[in-house]
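First comes the structure, then the notes that go with it.
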Protein chains: 2
Amino acid sequence: MARLVAERADVIPLLAEAFRAYGYEGASLSRLCEKTGLGKGSLYHFFPGGKEEMAGAVLGEISHWFERQVFQPLDNLPPAEGVGAMLAAVDAYFQSGRRICLVGAFALDDTRDRFAMAVNGYFTRWQQALSGALQRLGFADVEADRHARAALSMIQGALVLSRALGNEQPFRDTITALTAQLRLPGA
Amino acid sequence: MARLVAERADVIPLLAEAFRAYGYEGASLSRLCEKTGLGKGSLYHFFPGGKEEMAGAVLGEISHWFERQVFQPLDNLPPAEGVGAMLAAVDAYFQSGRRICLVGAFALDDTRDRFAMAVNGYFTRWQQALSGALQRLGFADVEADRHARAALSMIQGALVLSRALGNEQPFRDTITALTAQLRLPGA
DNA sequence: TTTTTAGTTTACCGATCAGTACAGAATGTT
DNA sequence: AACATTCTGTACTGATCGGTAAACTAAAAA
C-alpha cells in the first residue's frame, strides 16, 4: 500500500475542526482543503461522497470516541466511577467550554435532517447509558431518565452559553453542578 | 409614502424563519427571496447592507421582543411574577421546543464573531435581569448569578436536545424543573 | 394631473460553490 | 528496473453565490 503524508483517519479531526468553526453549510470545500492541507483531488480520493461523506465520517469518529470514553464507562464501570469518568471526559473533550459540540450544532438547523440518524443516535445512546448508571446508583427509573436528559441539556446549554459569552465559567459551573447532582438519589 | 404588499417590519419574521431553518451561511439570498416572496431588488431596497443587515435586523427584533416580554417583566414585576412571566414567554416563544433560539445557534459557529455584540448582549441582559429578580426573591448575589446562568444554560440545552431528538419532552421537563428551582432560595 | 418617491422586476456581474477529469508524482511490489 | 497502485495538483465544469444597475410600476404629494 502506498502511503504519503496523511491517512484518511488523520484528516478527520482536521475536517471536524473546520465543521465546528464554520458549520456544515459554511464549511466550503476550499476551506476544508485549507484546513486539511489537502487538495480537492486528495479529499475526493478519501471521501468520494464529497462534503456529506466528510461530515458523516466526522460524526462517526465523534460517536466512536464517545462510545469508548463515555458510554462504555457508563455501562461497565461501577456507576459512581462511570459518572465521574463521563464528567472528566466531557470536560476534557469540550476543553472546558471552548470547544463546541458538533452534534448539537448540527441539530439546530436543517443539517439535522441530513444526519438525523447520527444526531438522534448520539444523544439517545448517551441518555440511555447515563440513565442506566443512575438507576444502578439508586435513582428510580423515571427519575434516572429525567436526570439523564437534564444532564445532557445542561451540558449542551453550557456550551452554547460559554461560546456566546466568550467565557468558560458557565461550562465549568455546569460540570461542578452535575458532579453534585448525579451522586446520590437524595438530590 | 408609497406602500405595497409588505413593509420592512413584516419581512423580518420571515427572514428569521429562514435563518432559523438554514443558519446564517446556509440562508442564501435565493432562499431568503423565496421565504419572503420578495425579489432581490426589494430585499436590497429594505436592507442595503445585504444579508448581514438582514440578520442584524432579525437579531434586533428578537432582542426587542425579549426586552418587552422577558427582561422588563423580570426588572419591574414582583420577582415571583417576573420569573413566572419569563417562563411563560419562553415556553410560548420557543413553541415548547419546536422552535430554536437563533441567538444560541449563531453563537455556535463563526457567525458569532460577526454578531458578537448582539449575541453577548442578549445573554448578558437576560442573565442580569434574571439574577436581579432572584436576588429580590432572597437568593444571595453569587447564588442568584449562578442560578441565572444555569437557567439560561438549561433552556438553551433543552432546545438543542429537543431538536436533536425530535421530541418536546426535554424542553417541557426543563420548564417544569425551572419553575420549581427558581421559586425560593431553599432549592 | 403632473411630479416625486417608494417599491419591483429583470438581467447581469465577478467570485465562489461542489464536483470531475486527468496527468503526473510518490510509493510499493515484483 | 519495470510495473501497479495510491495519492496529489491543476485545470476545468455548470450552477449558484452575494451583490449591482437600471428600467420599470405604483401610489402619494403637489
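These numbers come from the heavy atoms of this one structure, side chains and all, not from hydrogens, waters or symmetry mates. Labels below follow one simple rule: chain letters A, B, ... track the order of the sequence lines, proteins then strands, and each chain is numbered from 1.
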Nearest-Å distance, [atom1] ([X]) to [atom2] ([N])?
X        : N       : atom1 : atom2 : answer
Glu25(A) : dT16(D) : CD    : P     : 14 Å
Phe19(B) : dG18(D) : CZ    : C1'   : 12 Å
Phe46(A) : dT5(D)  : CZ    : C1'   : 13 Å
Tyr44(B) : dA22(D) : OH    : C1'   : 17 Å
Arg8(B)  : dT8(C)  : CZ    : P     : 14 Å
Leu38(B) : dT25(D) : CG    : P     : 19 Å
Leu43(B) : dT8(C)  : CG    : C1'   : 11 Å
Glu7(A)  : dT8(D)  : CD    : P     : 11 Å

Identify whether the distance between the nearest side-chain nitrogen and carboxylate oxygen of [X] and [Y] falls below 4.0 Å.
X         : Y         : value
Arg20(A)  : Asp109(B) : no
Arg68(B)  : Glu61(B)  : no
Glu53(B)  : Arg8(B)   : yes
Arg146(B) : Glu143(B) : yes

*Going by atom types only, do Asn167(A) and Ser162(A) share a side-chain donor-acceptor pair under 3.5 Å?*
no
Per [X] side chain, nearest of listed nucleotides [options]:
X        : options                  : answer
Ser42(A) : dG19(C), dG18(D), dT8(D) : dT8(D)
Leu29(A) : dT8(C), dA18(C), dG19(D) : dA18(C)
His45(B) : dA6(C), dG19(C), dG19(D) : dA6(C)

Does the plane of the ring in [X] sit parallel, tilted or perpendicular to the ring in [Y]? Use 30° and 60° as the thresholds.
X         : Y         : result
Tyr122(B) : Phe71(B)  : perpendicular
Phe94(B)  : Phe66(B)  : tilted
Phe19(A)  : Phe106(A) : perpendicular

*asked:* Once you apply a heavy-atom cut-off of 4.0 Å, does Gly41(B) come out as touching a base, just sugar-phosphate, or nothing?
replied: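 Result for Gly41(B) = base.
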*Would you say the side chain of Lys40(A) and the base of dG19(C) hold a donor-acceptor pair, judged only by whether the two atoms sit under 3.5 Å apart?*
yes
*Is there a donor-acceptor pair closer than 3.5 Å between any side-chain N or O of Lys51(A) and the backbone N or O of Ala27(A)?*
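It does hold such a pair.
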_Residues within residues 50-61 of chain A bordering DNA chain C, heavy-atom distance below 4.0 Å_ = Gly50(A), Lys51(A)
Are there any protein N/O atoms within less than 3.5 Å of an N/O atom in nucleotides 14-16 of chain C, and if so, which ones and at what distance?
none

